[in-house]
There are 2 protein chains.
Amino acid sequence: MTCDITIKDVAKEANVSVATVSRVLNGLDRVSDQTRKKVLKVVKELNYVPNTMAASMITKQTQMLAVVVPEIENPFYTSVIKGTVNVAKEKGYHTFVFSTNDSESEEDAFFESSLRRNVDGIVLIGAHKDPEFYQKMNKPVILVDRYIDGCGLDGVIIDNFGGAYEATKYLIEYGHRDIAIITGPQTFNDGTERHWGYQQALKDNGIELVNDYQKHGDWFENNGYQSTKELMKLTKPPTAIFAANNLICQGTIKALRDLELTIGLDVSLVGFDANDLAEFVKPRVSVVKRPTYEMGTHAAEMLIEKLKQVDKHDSFPKKVTLGVELLKFGSVKYLG
Amino acid sequence: MTCDITIKDVAKEANVSVATVSRVLNGLDRVSDQTRKKVLKVVKELNYVPNTMAASMITKQTQMLAVVVPEIENPFYTSVIKGTVNVAKEKGYHTFVFSTNDSESEEDAFFESSLRRNVDGIVLIGAHKDPEFYQKMNKPVILVDRYIDGCGLDGVIIDNFGGAYEATKYLIEYGHRDIAIITGPQTFNDGTERHWGYQQALKDNGIELVNDYQKHGDWFENNGYQSTKELMKLTKPPTAIFAANNLICQGTIKALRDLELTIGLDVSLVGFDANDLAEFVKPRVSVVKRPTYEMGTHAAEMLIEKLKQVDKHDSFPKKVTLGVELLKFGSVKYLG
DNA sequence: CTATCTTGTAAAAACGTTTACATATTTACT
DNA sequence: AGTAAATATGTAAACGTTTTTACAAGATAG
């Protein structure tokens with residue numbers, strides 16, 4: 001089980017040409033049953049392992065994919081990665097995983113060296129850059145989670161607007177009118193769409209928007225923590241909070257604990273995306289659950305599908321939007 | 001920025017031979033300043049990106065590593081992965097990440113296809129198999145977290161014995177004598193060493209071992225949850241619990257919450273490894289903290305170091321043991 | 001019994017690099 | 001000026017595959 005046995009060794013041992021060995025292994029061309037058996041026997045005997053990289057020089061396919069995330073320690077990304085890697089593996093692809101640590105220069109470096117290594121395609125989760133950059137690369141790219149309409153690339157996103165709308169509507173239906181949102185930057189669709197969903201739900205129910213109730217920071221825990229504290233310091237604090245991603249929600253939970261406010265009693269809370277703390281606290285926090293693993297599997301499937309298409313110009317960019325689910329637990333108080 | 005420009009195109013455009021271009025790019029051989037500049041200019045103009053895979057056919061180095069974990073969604077593994085990938089990247093290596101989902105057949109499949117792809121080396125976290133299997137592979141392998149002495153492979157582990165000993169001693173010093181341990185299987189050093197540390201601390205303090213206080217299951221949350229419930233049902237329940245990994249600790253915390261027992265008051269608790277819940281609950285749970293990220297960076301450094309050694313038989317197997325730190329918070333009651 | 005068609009296999013080119021060797025040019029020293 | 005040494009560059013082989021082309025042998029048909 002090493003890689004120092006080559007196809008030539010097999011050919012010599014089996015008294016056939018290397019072409020025949022290749023034919024047996026790849027099964028593309030006709031080979032007589034007799035020689036097939038003979039070759040297979042020798043392959044087993046010598047523990048021959050084909051060299052994919054040498055093959056890739058001819059086939060122009062390395063059977064390697066890359067998946068890029070901003071931060072591998074965020075469980076959301078890990079779950080998407082898992083989906084992508086598993087599907088890739090099933091279909092015979094190996095996957096590079098890379099965390100850009102939210103740095104654009106690291107992202108650049110990664111793309112360069114992925115290109116050098118001739119990856120067949122890239123799954124890009126939480127993209128940073130101008131989409132035109134990714135197009136220039138001339139490799140199939142699937143954007144996940146963040147997407148820019150009209151960029152010409154394929155994408156897998158979730159129903160951000162719908163999720164935020166449902167979450168907010170749920171709070172309104174339970175009698176809340178002073179509803180805050182803590183969210184990230186409005187740079188990409190994830191931020192804007194969730195914000196719109198929140199605003200639209202309020203508007204549709206005749207509730208006017210309050211600036212102080214709309215907190216925009218980054219997507220990290222500390223934003224949730226600080227913003228929650230600020231919200232609760234207002235002369236008229238909100239009765240409910242919508243925390244627009246997993247880390248913000250964790251920050252909010254911690255802040256409320258530190259303020260000695262009880263979730264579902266003093267303050268109602270709905271999160272976006274599952275997280276350890278939301279599941280742990282009593283009452284459990286209601287969240288908009290998104291199909292993280294499936295985002296990964298979809299992305300991999302779309303990417304590999306794209307790789308198979310011979311005429312690459314034939315395919316129009318495809319955007320898939322996956323639905324979300326509002327899980328209701330005891331974190332929202334009924335105000336009547 | 002694509003890969004369809006080859007070294008030949010550059011050579012032609014610059015009016016030099018491909019050898020010269022290669023020399024300029026790799027800087028091994030002397031080239032005149034004049035031609036160097038000329039070549040570099042053309043490289044930039046054409047956006048030439050060298051093909052690492054083609055080079056690897058000659059150099060026998062693919063500049064690719066693989067890292068294998070049982071479960072990518074466990075934050076412990078993610079942290080180690082991050083360390084490994086970051087160091088690898090710094091040194092010009094790309095890293096495949098693979099989660100075996102705790103299945104031996106998936107691990108097999110991964111090794112086969114890593115071999116096909118000619119990875120230069122492998123970081124194996126939480127190994128499953130006989131070490132002789134890994135040796136047969138004839139590729140540098142670094143074992144992380146789990147290690148078998150005398151296996152002839154390099155390894156990075158942590159001071160399991162010391163950590164468990166300190167944790168248990170800490171409980172004893174606070175007056176506890178009825179101390180339980182919830183741990184995983186005794187198949188590998190991680191399980192056995194932590195168990196020994198616990199036992200030794202008790203012995204050293206003249207406390208006799210109680211069978212009912214020693215729970216062996218798997219390393220997952222549910223074991224922590226169920227075992228804790230069983231422990232607290234005993235006619236004489238323990239006053240303190242040592243939870244021997246991150247997931248077990250989370251299970252214990254959830255069980256105690258569901259039993260409406262207060263940590264640090266009704267039951268004292270020390271965990272092994274950081275986890276979200278231990279940091280969240282009040283009082284915060286004391287844990288043995290291990291340098292997860294550093295385990296990853298060390299492993300990558302050792303692996304890459306090994307790759308550089310020309311005479312591979314010259315190097316004896318090296319095992320590095322990293323220290324741990326006992327973080328004391330309010331989860332341990334002082335019994336006087 | 002030739003002409004045509006199948007079938008199975010081999011030979012060789014190609015992929016994009018690196019590198020050992022060869023050759024041409026320059027420099028340095030008598 | 002003549003030679004040796006040093007420097008710069010080109011030539012070609014090699015890496016381990018796939019794939020095109022060619023060809024031999026056997027089968028089928030007239």
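To find a chain, count down the sequence lines: A is the first, B the second, and so on, and within it residues start at 1.
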Handout entry: B:Ser32 or B:Ile58, whichever maps to the more 5' nucleotide of DNA chain D
Key = B:Ser32

Practice task
Output the residues of residues 33-42 of chain A in contact with DNA chain D, where contact means a heavy atom of the residue under 4.0 Å from an atom of the strand; sort by number or write none.
Solution key: none

Exercise for the section: Could you pull out all residues at least two apart from A:Thr52 that satisfy side chain to side chain donor-acceptor pair (under 3.5 Å)? Expected result: none

Problem - Separation of D:dT19 C1' from A:Met57 CE (nearest whole Å) - result: 14 Å

Practice task
Check for a donor-acceptor pair, side chain of A:Tyr147 on one end and backbone N or O of A:Leu153 on the other, with a separation under 3.5 Å.
Solution key: yes

Problem - Sequence-distant partners of A:Lys318, salt bridge (Lys or Arg N to Asp or Glu O under 4.0 Å), two or more places apart - result: none

Completion exercise
Terminal axes of the helix from C:dC1-D:dG30 to C:dT30-D:dA1 (5 end pairs apiece), angle rounded to 10 degrees, sit apart by 50°

Handout entry: Distance in angstrom units between A:Leu25 CG and D:dT18 C1', rounded
Key = 12 Å

Fill in the blank from the handout: Residues passing the side chain to side chain donor-acceptor pair (under 3.5 Å) test with B:Ser105, sequence neighbours excluded, are B:Ser103

Practice task
Assign A:Asn15 to base, sugar-phosphate, or nothing according to its heavy-atom contacts below 4.0 angstrom with the strands shown.
Solution key: sugar-phosphate

Exercise for the section: List in chain and number order the residues that pass ring-ring contact (aromatic ring centres under 6.0 Å, His included) with A:Tyr93, two or more places apart in sequence or in another chain; answer none if no residue qualifies. Expected result: none

Handout entry: Interatomic distance where CG belongs to B:Leu115 and C1' belongs to D:dG16 [whole Å]
Key = 15 Å

Completion exercise
A:Asn189 meets the side chain to side chain donor-acceptor pair (under 3.5 Å) criterion, sequence neighbours left out, with none

Problem - Partners passing salt bridge (Lys or Arg N to Asp or Glu O under 4.0 Å) against A:Lys41 (at least two apart in sequence or in another chain) - result: A:Glu45

Completion exercise
With the side chain defined as heavy atoms from C-beta on, B:Thr6 is closest, among D:dC15, C:dT17, C:dC15, to C:dT17

Completion exercise
Tightest non-hydrogen contact, residues A:Glu112 and B:Val49, listed as O-CG1, 4.4 Å

Completion exercise
Rounded to whole Å, the OH-P distance (A:Tyr48 to D:dG16) equals 10 Å

Fill in the blank from the handout: A:Asn26 atom CG is separated from D:dT20 atom P, nearest whole Å, by 13 Å

Fill in the blank from the handout: Per nearest nucleotide of DNA chain D, the residue lying toward the 5' end, B:Ser17 or A:Ile7, is B:Ser17

Exercise for the section: Just jot down the ring-ring contact (aromatic ring centres under 6.0 Å, His included) partners of B:Phe188, sequence neighbours excluded, or say none. Expected result: none

Practice task
Report yes if a side-chain nitrogen or oxygen of B:Lys60 is closer than 4.0 Å to either non-bridging phosphate oxygen (OP1 or OP2) of D:dG16; otherwise report no.
Solution key: yes

Exercise for the section: Using whole Å, report how far CZ of B:Arg30 lies from P of D:dA6. Expected result: 12 Å

Could you pull out all donor-acceptor pairs under 3.5 Å where a side-chain atom in residues 68-80 of chain B meets a protein atom, sequence neighbours excluded?
unit_1	atom_1	unit_2	atom_2	d
B:Glu71	OE1	A:Lys82	NZ	3.2
B:Glu71	OE2	A:Lys82	NZ	3.2
B:Glu71	OE2	B:Glu73	N	2.8
B:Glu73	OE2	A:Lys82	NZ	3.4
B:Asn74	OD1	B:Phe76	N	2.9
B:Asn74	OD1	B:Asn246	ND2	3.0
B:Thr78	OG1	B:Ile72	O	3.1
B:Thr78	OG1	B:Asn74	O	3.1
B:Ser79	OG	B:Thr292	OG1	2.7
B:Ser79	OG	B:Tyr293	N	3.4

Practice task
Report yes if a side-chain nitrogen or oxygen of A:Asn51 is closer than 4.0 Å to either non-bridging phosphate oxygen (OP1 or OP2) of D:dC15; otherwise report no.
Solution key: no

Practice task
May I ask you to verify if any side-chain N or O of B:Ser22 is less than 4.0 angstrom from the OP1 or OP2 atom of C:dT18?
Solution key: yes

Please enumerate all protein N or O atoms sitting under 3.5 Å from an N or O of nucleotides 20-23 of chain C, with distances to 0.1 Å.
none

Problem - Partner residues of A:Thr321 under the side chain to side chain donor-acceptor pair (under 3.5 Å) criterion, sequence neighbours left out - result: none

Practice task
Specify the separation, in whole Å, of atom NZ of B:Lys8 and atom P of D:dA12.
Solution key: 13 Å

Practice task
Consider only side-chain N and O atoms of B:Thr35 and B:Ser32, and report whether a donor and an acceptor are under 3.5 Å apart.
Solution key: yes

Practice task
Please report, rounded to the nearest Å, how far the C1' atom of D:dT18 is from the CD atom of A:Gln61.
Solution key: 13 Å

